[in-house]
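Reading through the structure tokens given below for one structure.
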Number of protein chains: 2
Amino acid sequence: MSQLTIIDLAAKLGLSKSTVSRAFRNSNDINPETKARILAMAEEIGFSPNLHASNLRVSKSQTIAIIIPEFGNKFFSQAIKGIELVTRSKGYHTLIYVTDHQVQNEASIIRSLSNGRVDGILMSASGEGNDHSHLNLLKDNNIPIVFFDRNYDDINTVYVTGNDEEASFLATEHLIKNGCKRIAYLVINPNISIGKVRMDGYKRALKKYKIPVDDQLVLDTVNQAELNTEDIRELLRDAKPDGILASVERLAISTLRVAKEEGIAVPEDLKLICFSCLDITDLLNPSLSVVKQPAFEMGKVAATYLFESLAKPVKLEEQQTIILDSSLIYQDSSKKIS
Amino acid sequence: MSQLTIIDLAAKLGLSKSTVSRAFRNSNDINPETKARILAMAEEIGFSPNLHASNLRVSKSQTIAIIIPEFGNKFFSQAIKGIELVTRSKGYHTLIYVTDHQVQNEASIIRSLSNGRVDGILMSASGEGNDHSHLNLLKDNNIPIVFFDRNYDDINTVYVTGNDEEASFLATEHLIKNGCKRIAYLVINPNISIGKVRMDGYKRALKKYKIPVDDQLVLDTVNQAELNTEDIRELLRDAKPDGILASVERLAISTLRVAKEEGIAVPEDLKLICFSCLDITDLLNPSLSVVKQPAFEMGKVAATYLFESLAKPVKLEEQQTIILDSSLIYQDSSKKIS
DNA sequence: GTGAAAGCGCTAACAC
DNA sequence: GTGTTAGCGCTTTCAC
């Protein structure tokens, strides 16, 4: 039963294989009745056309890839959900890859996709550095790529992101208005993409309120909880901030844990706000103020752009940034104590 | 640059295409020097062998699929992370599909995979009902499937899951020992797979302590927060439980919100424990007692079994259940008030 | 160790 | 509306 072909099916029905082939494509060059007979028989004997043969013929895979740096937070699962929705509605398939924030992994994944495996790529960039040459392979093979959330700004393509600079500005301003004088900014990578943009908004707010930027209050730390926890503990002890803007959720979570351990009360002694897509911030103790990015929407929009460029042979050559609004949700963790 | 073939490469090097082909397989029928020359040239001109042609020839896709009912919770993202890790280490690719708990979606996905697209499938079952005939297609096509977390027990294959009956028993016993007399069980689907098994453990514990099973205390509700919230509200008002075992995280979250709204204090008036993989239960208010399933591990183990069956032509014909231990983490939400 | 040639299963001209 | 036929790019016998 394993290797049926259109020839077997054709033989069973006294037709030629081209007719059978037409039945499976959306060819209009076929008698609807014939088509129905063919499809019925296919159903009966459990046949469906071999994918690889078809793909080889038409040089299409009906598949896209999602490449993300990690799987740790709600942002990416929501974004993937949005992407998967669009992909499925288009009858496409979705490959998923996780780089663990390693550019080498990203490069090797990209290489493994440049041989026809996918028709397009959605990626949240993993790396820093300037060597993005692995992406040239995609251009050579006419595989469009759309970035979401994290990009490389030397690559000319579509980039879908939140209004991070503005949101960061507003979040910082909110802390200032609630009485904070020494606001720290926690970040994983202050030099690229979201880490940088969010810092820009933070600095702009400080400037507006004539608060000098204090490098001691900018904590450049890492992903691993065990490590960033200690960095944050030092920050709280040495720099004694009274407010914190965390550029990613994980750093806010670590902050809450450290504050608890150190006996620092949130929001009384320390006000906290962070970028996060967590959907239970209201149940935390204290309830957590967040900049909530439209993750699901972002996935949908990014996927939609990708499919547009797949539909028309026009390439995504110009740098184009699509900005989606985040929501600022102020809760207890940043509340003014009166 | 787009359509290079091994023939082009062969021409450039004065070789035949068969030799070039051998360089890309792990053939030992080739001079290492020749192979090196070929690979170097390939690198230089950015060539890699067309995947579809190769797949067609060897009838392999080096791809597996993950099919899950939803993307909403940490359990699945952790499990996928575990799967992806194994898959990548084997040089395989991972397709991902979400069914939204609809068996029809599951069936159509399975159909779209039965034509060579994947070599194997990892699935957490979506459905109830008894029509699992869509899985026959897989058998016909020799595509192995391994279940994780949720299965169909009429399908003979490997199933990797947590020790849910025992964990459920222990969680219920814990509530009883902490003084609960009227323990409710919240579930999405009490008749199948995890919903049923977890109820079994709950009932066994009640029986052990001579507490009669009260149907009024078993709430069979749905996934959508807007709907289950109202069901839970009614339960709390009418049946007045003093303890709750939630079979899935989402129902515990809804319970916390309803309790807050209704002025029911947790754990004073109502003790709560649930199955969950959330990693910030310590930061909730109150901190949440959970049965934490080894999601990451479960993904890894399930994937490992799948690859075993891919390696040897032996089929996964016998029903085989692999049980992994969960951790019971008792926190404030179920604490005895003395 | 390398080359020639057949063919994996399908699609798309082109003819009728 | 249907059949014939020439490949898509690769792998793999089989010769040498």
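- For the pair B:Arg57 and C:dG7, the criterion of a side-chain N or O lying under 4.0 Å from OP1 or OP2 is not met.
- Summary of the strand contacts: B:Arg22 and A:Ser21 both lie near DNA chain C, and taking for each the nucleotide with the nearest heavy atom, the more 5' one is attributed to B:Arg22.
- Shown here is A:Lys35, whose NZ atom has more than 12 heavy atoms of other residues, nucleotides or ligands within 6.0 Å.
- We find that CD1 of B:Ile7 is positioned 14 Å from C1' of C:dA6, with the value rounded to whole Å.
- With a cutoff of under 4.0 Å to any heavy atom of chain A, the contacted region of DNA chain D is bounded 5' to 3' by D:dG1 to D:dG9.
- The side chain of B:Asn31 has C:dG1 as its nearest neighbour among C:dG1, C:dG7, C:dC10.
- For the atom pair CD1 (B:Ile83) and CZ (B:Phe296), the distance works out to 10.5 Å, reported to the nearest 0.5 Å.
- A salt bridge is absent between A:Arg37 and A:Glu33: the closest approach of a Lys/Arg side-chain nitrogen to an acidic carboxylate oxygen does not fall below 4.0 angstrom.
- Base contact: A:Asp29 has a heavy atom under 4.0 Å from a base atom.
- Listed by chain and residue number, nothing satisfies the ring-ring contact (aromatic ring centres under 6.0 Å, His included) test with B:Phe71 (two or more places apart in sequence, or in another chain).
- Base contact: A:Ile6 has a heavy atom under 4.0 Å from a base atom.
- One finds a salt bridge joining B:Asp100 and A:Arg88 here, because a Lys/Arg side-chain nitrogen approaches an Asp/Glu carboxylate oxygen to under 4.0 Å.
- Sparse packing is recorded around NZ of B:Lys12, with 12 or fewer heavy atoms of other residues, nucleotides or ligands lying under 6.0 Å away.
- Counting any heavy atom pair closer than 4.0 Å across all strands shown, A:Ile30 reaches sugar-phosphate atoms only and no base atom.
- Both A:Pro32 and A:Leu56 lie near DNA chain D, and the one whose nearest nucleotide falls closer to the 5' end is A:Pro32.
- Of the possible polar contacts, one joining the A:Asp8 side chain to the A:Thr5 backbone as a donor-acceptor pair under 3.5 Å is found.
- Nearer the 5' end of DNA chain C, as judged by each residue's closest nucleotide, is the contact made by B:Lys35, out of B:Ala53 and B:Lys35.
- Summarising the geometry, the separation between CG on A:Leu51 and P on C:dT11 is reported as 10 Å, rounded to the nearest angstrom.
- The aromatic rings of A:Phe148 and A:Phe76 lie perpendicular to each other, with more than 60° between the two planes, well past the 30° mark.
- The side-chain contact (heavy atoms from CB on, under 4.5 Å) test with A:Ile80 singles out one residue from A:Leu122, A:Leu85, A:Ile96, A:Thr94, and that residue is A:Ile96.
- Contacts between residues 12-19 of chain A and DNA chain C, counted as heavy-atom distances below 4.0 Å, involve A:Lys17, A:Ser18.
- Across all strands shown, B:Ser59 has no heavy atoms under 4.0 Å from either base or sugar-phosphate atoms.
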